[in-house]
Amino acid sequence: AVYQRRVREAVVSTQSTGDPKFVEKGLTPIDLMTVKKKLEFGEYPSFESFYSDVTHFQRNYSEVYPPDHQLRQEIEEIMGVFLKELNENLIEEYHHNKVV
């Protein structure tokens with residue numbers, strides 16, 4: 001719980017508040033709370049636009065933090081879980097909708 005809170009606070013506080021690291025590189029901020037709200041309110045017109053925001057989030061952290069930075073490693077771990085879950089859900093949906 002402490003780990004998740006720390007990651008959540010870091011994710012929300014950096015990109016959404018205009019952290020100088022992101023501003024200096026000219027990156028357009030995006031955070032997972034914004035993604036969550038857009039999902040909750042049906043603001044994504046397609047899966048592709050949702051996926052684009054999530055990968056944009058990851059790219060921002062990859063641009064700002066080196067591979068050995070703890071925050072980047074935590075974001076990469078979160079993304080690994082996200083992509084694994086996404087893949088499992090897509091496979092399940094494919095098999096569910098497959099016409100035999």
Side-chain angles (χ1 to χ4, degrees):
V2 172
Y3 168 78
Q4 290 175 335
R5 188 180 73 241
R6 190 178 82 240
V7 171
R8 183 173 51 247
E9 288 169 356
V11 167
V12 171
S13 66
T14 53
Q15 291 193 47
S16 64
T17 59
D19 183 301
K21 292 180 188 84
F22 293 93
V23 175
E24 289 169 6
K25 293 203 175 256
L27 300 172
T28 305
I30 184 79
D31 60 78
L32 292 181
M33 294 307 291
T34 298
V35 172
K36 181 181 177 196
K37 287 178 185 175
K38 287 174 77 172
L39 274 173
E40 289 173 349
F41 291 104
E43 295 178 15
Y44 285 111
S46 65
F47 171 78
E48 289 79 12
S49 62
F50 162 72
Y51 189 77
S52 176
D53 273 359
V54 172
T55 56
H56 176 126
F57 165 80
Q58 181 183 26
R59 275 191 313 275
N60 278 0
Y61 276 92
S62 295
E63 289 284 326
V64 171
Y65 296 103
D68 62 342
H69 192 279
Q70 183 178 357
L71 184 56
R72 179 167 170 188
Q73 291 174 356
E74 291 171 351
I75 297 302
E76 294 296 331
E77 184 178 328
I78 290 169
M79 289 303 297
V81 171
F82 167 75
L83 293 173
K84 180 179 181 269
E85 290 287 324
L86 176 63
N87 188 41
E88 288 173 0
N89 286 330
L90 290 174
I91 290 170
E92 183 178 314
E93 184 175 327
Y94 170 78
H95 288 295
H96 178 72
N97 293 326
K98 186 177 176 183
V99 178
V100 180

Q) Looking just at side-chain N and O atoms, do E74 and Q70 make a donor-acceptor pair shorter than 3.5 Å? A) yes
Q. How far does CD of E63 sit from NZ of K25, to the nearest 0.5 angstrom?
A. 6.0 Å
**Q.** Listed partners of P66 passing side chain to side chain contact (heavy atoms under 4.5 Å, CB included), at least two apart
**A.** D68, H69
Q. Should F47 and V54 be regarded as members of a common hydrophobic cluster, given that ILVMFWY residues are connected when their side-chain heavy atoms come within less than 4.5 Å of each other, either directly or indirectly?
A. yes
Q.
Just to verify, what does S52 make a side chain to side chain contact (heavy atoms under 4.5 Å, CB included) with, not counting sequence neighbours?
A. none
Q | Exam field: side chain N60 to backbone L27, donor-acceptor pair closer than 3.5 Å | A | no
(Q) Ignoring hydrogens, what is the shortest heavy-atom contact between H56 and I30? Give both atom names and the distance. (A) CD2-CG2, 3.1 Å
Q) Can you list the residues that meet the salt bridge (charged side-chain N to carboxylate O under 4.0 Å, His left out) rule with K36, with sequence neighbours excluded? A) E40
Q. What pairs with E48 under salt bridge (charged side-chain N to carboxylate O under 4.0 Å, His left out), at least two apart in sequence or on another chain?
A. none
Side-chain donor-acceptor distances from residues 83-90 under 3.5 Å, at least two apart:
unit_1 : atom_1 : unit_2 : atom_2 : d
K84    : NZ     : E88    : OE2    : 3.1
N89    : ND2    : E85    : O      : 3.2

Q: Under the side-chain hydrogen bond (donor to acceptor under 3.5 Å, both in side chains) rule, collect the residues that match up with Y44, sequence neighbours excluded.
A: D53
Q | Test applied, side chain to side chain contact (heavy atoms under 4.5 Å, CB included); reference residue, P67; option that passes from Q73, R72, E76 | A | R72
Q: Show your working on side-chain contact (heavy atoms from CB on, under 4.5 Å) between T34 and F57 and close with a plain yes or no.
A: CA-CA 10 Å; T34 298; F57 165 80; over 6 Å; no
Q: Could I get the full list of salt bridge (charged side-chain N to carboxylate O under 4.0 Å, His left out) partners for K37, not counting sequence neighbours?
A: none
